[in-house]
Amino acid sequence: MTARTTKRGDSTRDVLRFTFRHWAKEPRWLGWVIVTMMASTLADVFMPLYAGRLVDAITQFGADREAARGAVINAFLVMTGLGLALVVLRHIAFYGIVELSLRVMVKVGQDAFARVQRFSSDWHANSFAGSTVRKVTRGMWALDLLHDTVLLALLPSVVVLIGSMILLGLNWPVMGVVIAVGTVVYIGMTVFLNIVYVAPSARLANAWDTKMGGTLADALSCNAVVKAFGAEAREDARLAGVLAKWRSRTARVWMRATNSGTIQLVALLGIRAAIIGTALWLWWNGRATAGDVAYVLTTYFVIHGYLRDMGMHINNMRRSVNDMEELVAFYDEPFGVEDRAGAGAMRIGRGEIVFDRVRFHYAGHETALYQDLSLTIRAGERVGLVGPSGSGKTTLVKLIQRLYDVTGGRVLIDGQDIAGVRQASLRSQIAIVQQEPVLFHRTLAENIAYGRPGAKREEIERAAKLANAHEFIMDLPRGYETLVGERGVKLSGGERQRVAIARAFLADAPILILDEATSALDSESEVLIQEAMERLMEGRTSIVIAHRLSTVRALDRIIVFQKGRIVEEGNHAELYRQGGLYRRLCDHQGMEFTEQPVGRTAVTTA
């Protein structure tokens, strides 16, 4: 229990520190808002004082209206001026808060997006995209509420309470004490109720709100699978279960907030009775005039309004802090793979890749996948990686991209340790065609040019032609300006693969990785893609991950993995004659060995 309480307190402090840190980056706008709000609030502090003087001017002079006129007009003009100053200064303050809030929200949104983008592949694999989006957007809007609450509500409230306490205390110390004690008790009680009573349930409700967003995004992004299995009702029921939990958690928050509000109103009644009773006692003992009583009553009504609203403001502050906790937690999340201080740019020329006694251990696994793995892939060599699932093929290319850091040893490209260079510069020189290529919901031209954003249209079209994609693109109603849908769902698998190959052509990287790029395709698409792949591999260091062994027969070298070790390597003919694991894999796929020239454009089907 103590640990959980400490954690809650720490999270609140983390959110406030996070907010103050961003405020410090906008000192001009922050100062603008604070100064203008404090100045406008002083009008509320002095307004009751002149209301009391107005009453005294009217009552003390009695029937002598002429004698009272000057004092009445003076009090009236001051009150009117204070009201005008309040309106003008608040308008200026609100202008400043708009600018401050938008600047901070934009910066926080950009920072959070940049940070999430750089989290490890494992982090993204274990996180719902919909939940992540919900955390970021909810946190951004919570910042807006926090700004309004602290700068436009709590700051004026504090100014009014302290100012009124001082002014009344100078005339009647007992009244100052009553207001001071009532204010401190009320604020302390309100803070306690919100932090200890309401906040824990709000935190749990937010967790289910995040889960609701993840459930919605998960089902909608996989709608094709839902439809394929006629599972709409099943997904409805799944969401209904999440919504039921969300409803019960949210209802508990709202009921606790309602209970807290009622307790605060009861406390306000007690404060009102104490202040009015003290004013009447002062009047009864001749220590206060009618105008003084009017002054006290008017001041009380101002204080009452600010105190009543302060309960709501503290509740809003608690809510905004809760809503920001998950966003702020991103900043405590390690990147997984980070650039070293002073890391330079990777410069790949020939494209030789060396694994120098590499050890690698996945987090959470008891045994290492690689133990002292040494391997050299020569510049311009075309290498196939084969082996059973889980043997280490995909991990090898992930280490080349530095999606993970090695546990021991080094990965070198052209003699440069990739751990000492910037990740972006490394990956920009490695082109990848994945087994299931993912496209952005943007135009075909934008998707092809993603690896080279400044490419001209003729360069984009040339890459598409080399990838055997130009013809099908031109058959589309809007050609290269066609939107492909989320993750490219409006295109067939073969079309997506050819767009991905065109993207790799245009990137023109010295190192190429092909991750089973012809799997699950019809024979016609496979032939087109195989031809494009052969062209793409020309003059590049190429690594092909293959389960369908027909795709690696024409490569310069085939490396066979088993349980993280290289058990065989050579060309197709050599490995088939050895009669080892590679031959068994070929036999399982019905591939027979034939003595035929191994050409760079050879295509063999199983």
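Treat the numbers as computed from the prediction; the structure is a model and nothing was measured. Note: hydrogens, waters and symmetry copies are ignored here, and every other heavy atom, side chains too, is used.
Of the possible donor and acceptor atoms, one in the side chain of Gln401 sits under 3.5 Å from a partner among the backbone N and O of Val397. A donor-acceptor contact shorter than 3.5 Å links the side chain of Arg540 to the backbone of Ala509. A donor-acceptor pair is defined here as one N or O able to donate and one able to accept, closer than 3.5 Å; such a pair exists between the side chain of Arg427 and the backbone of Arg402. With hydrogens and angles disregarded, a donor-acceptor distance shorter than 3.5 Å links the side chain of Asp556 to the backbone of Arg382. Between the side chain of Ser425 and the backbone N or O of Met346, at least one donor-acceptor pair lies under 3.5 Å. Panel note: side chain Thr250, backbone Arg247; no donor-acceptor pair is recorded below 3.5 Å. A distance-only check finds no donor-acceptor pair linking the side chain of Glu568 to the backbone of Leu575 [under 3.5 Å]. Of the possible polar contacts, none joining the Arg359 side chain to the Asp372 backbone as a donor-acceptor pair under 3.5 Å is found. No donor-acceptor pair closer than 3.5 Å links the side chain of Ser101 to the backbone N or O of Val98. In terms of modelled atom types and a separation under 3.5 Å, the side chain of Lys107 and the main chain of His22 share no donor-acceptor contact.
The side chain to side chain contact (heavy atoms under 4.5 Å, CB included) test with Ile511 is passed by exactly one of Ile377, Asp414, Ile348: Ile348.
In this structure, Ile400 CD1 and Leu412 CG are separated by 11.5 Å, a value rounded to the nearest 0.5 Å. Atom CD1 of Ile566 is separated from atom CZ of Phe561 by 4.5 Å, given to the nearest 0.5 angstrom. Atoms CD1 and CZ, on Ile460 and Arg503 in that order, are 12.5 Å from each other to the nearest 0.5 Å. Annotation: the span from Ile432 atom CD1 to Ile545 atom CD1 amounts to 9.0 Å, rounded to 0.5 Å. Taking OH of Tyr331 as the reference point, atom CZ of Arg115 lies at 7.5 Å (rounded to 0.5 Å). The CG atom of Leu151 sits 8.0 Å away from atom CG of Leu146, with the distance rounded to the nearest 0.5 Å.
Scanning all heavy atoms of the two residues, the minimum distance from Ala467 to Ala502 falls at CB-N, 3.4 Å. Contact record, Ala379 with Arg350: CB-O, 3.2 Å, taken as the closest heavy-atom pair. Between Leu483 and Thr443, the shortest heavy-atom contact is CD2-N, 3.7 Å. Between Leu369 and Gly390, the shortest heavy-atom distance links the atoms CD1-O, 4.2 Å. Residues Gly96 and Val33 approach most closely at C-CG2, 3.5 Å, considering heavy atoms. Across every non-hydrogen atom of Arg498 and Ala469, the tightest pair is CB-CB, 3.8 Å.
Ring planes of Trp29 and Tyr95: tilted class, angle from 30 to 60°. Between Tyr362 and Tyr404, the angle of the ring planes goes over 60°, which puts this pair in the perpendicular group of the 30/60° scheme.
Counting only heavy atoms from C-beta outward, the side chains of Leu512 and Thr541 never approach each other to under 4.5 Å. In this structure, the side chains of Phe355 and Leu396 come closer than 4.5 Å at one or more pairs of heavy atoms. The shortest side-chain heavy-atom distance between Glu569 and Tyr582 does not fall under the 4.5 Å cut-off. Using a 4.5 Å heavy-atom cutoff, the side chains of His147 and Trp23 are in contact. Inter-residue side-chain proximity for Val499 and Leu491 is flagged as met; some heavy-atom pair is nearer than 4.5 Å. Between Leu514 and Ile543, the closest side-chain pair of non-hydrogen atoms is not below 4.5 Å. With contacts defined as side-chain heavy-atom distances shorter than 4.5 Å, the pair Ile559/Val386 does not qualify. Proximity of Ile513 to Val433: side-chain heavy atoms (C-beta onward) are nowhere separated by under 4.5 Å.
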With side-chain contact (heavy atoms from CB on, under 4.5 Å) as the test, would you mind laying out the steps for Arg138 and Leu327 before giving the verdict?
-> CA-CA 8 Å; Arg138 187 172 61 217; Leu327 170 65; over 6 Å; no

When you look at Phe18 and Arg13, which way does the side-chain contact (heavy atoms from CB on, under 4.5 Å) test go after all the steps?
-> CA-CA 8 Å; Phe18 175 85; Arg13 285 193 294 272; over 6 Å; no

Go through the steps to decide whether Val544 and Val383 satisfy the test side-chain contact (heavy atoms from CB on, under 4.5 Å), and finish with yes or no.
-> CA-CA 6 Å; Val544 181; Val383 173; over 6 Å; no

For the pair Ile413 and Val421, evaluate side-chain contact (heavy atoms from CB on, under 4.5 Å) and give the outcome as yes or no after the intermediate values.
-> CA-CA 11 Å; Ile413 299 180; Val421 301; over 6 Å; no

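Judged purely by distance below 3.5 Å, without hydrogens or angles, the side chains of Asp515 and Gln434 never pair a donor atom with an acceptor atom. No side-chain N or O of His361 forms a donor-acceptor pair with one of Tyr370 less than 3.5 Å apart.
Remark: Asp339 does not engage Arg422 in a salt bridge, criterion side-chain N to carboxylate O under 4.0 Å. The existence of a salt bridge linking Glu99 and Arg103 is confirmed by a sub-4.0 Å separation between a basic side-chain nitrogen and an acidic carboxylate oxygen. Ion pairing between Glu459 and Arg452 holds under the 4.0 Å rule for side-chain N and carboxylate O. For Arg378 and Glu352, the salt-bridge test fails: no basic side-chain N is under 4.0 Å from an acidic carboxylate O. Under 4.0 Å is where a charged nitrogen must lie from a carboxylate oxygen, and between Glu325 and Lys135 no such pair does.
With a 6.0 Å radius and a threshold of 12 heavy atoms from other residues, nucleotides or ligands, Lys563 has its NZ atom at or below the threshold. Counted within 6.0 Å of CZ on Arg252, heavy atoms from surrounding residues, nucleotides or ligands total more than 12; the atom is thus considered enclosed.
For the pair Arg442 and Phe440, the cation-pi test (distance below 6.0 Å, angle within 45°) is passed.
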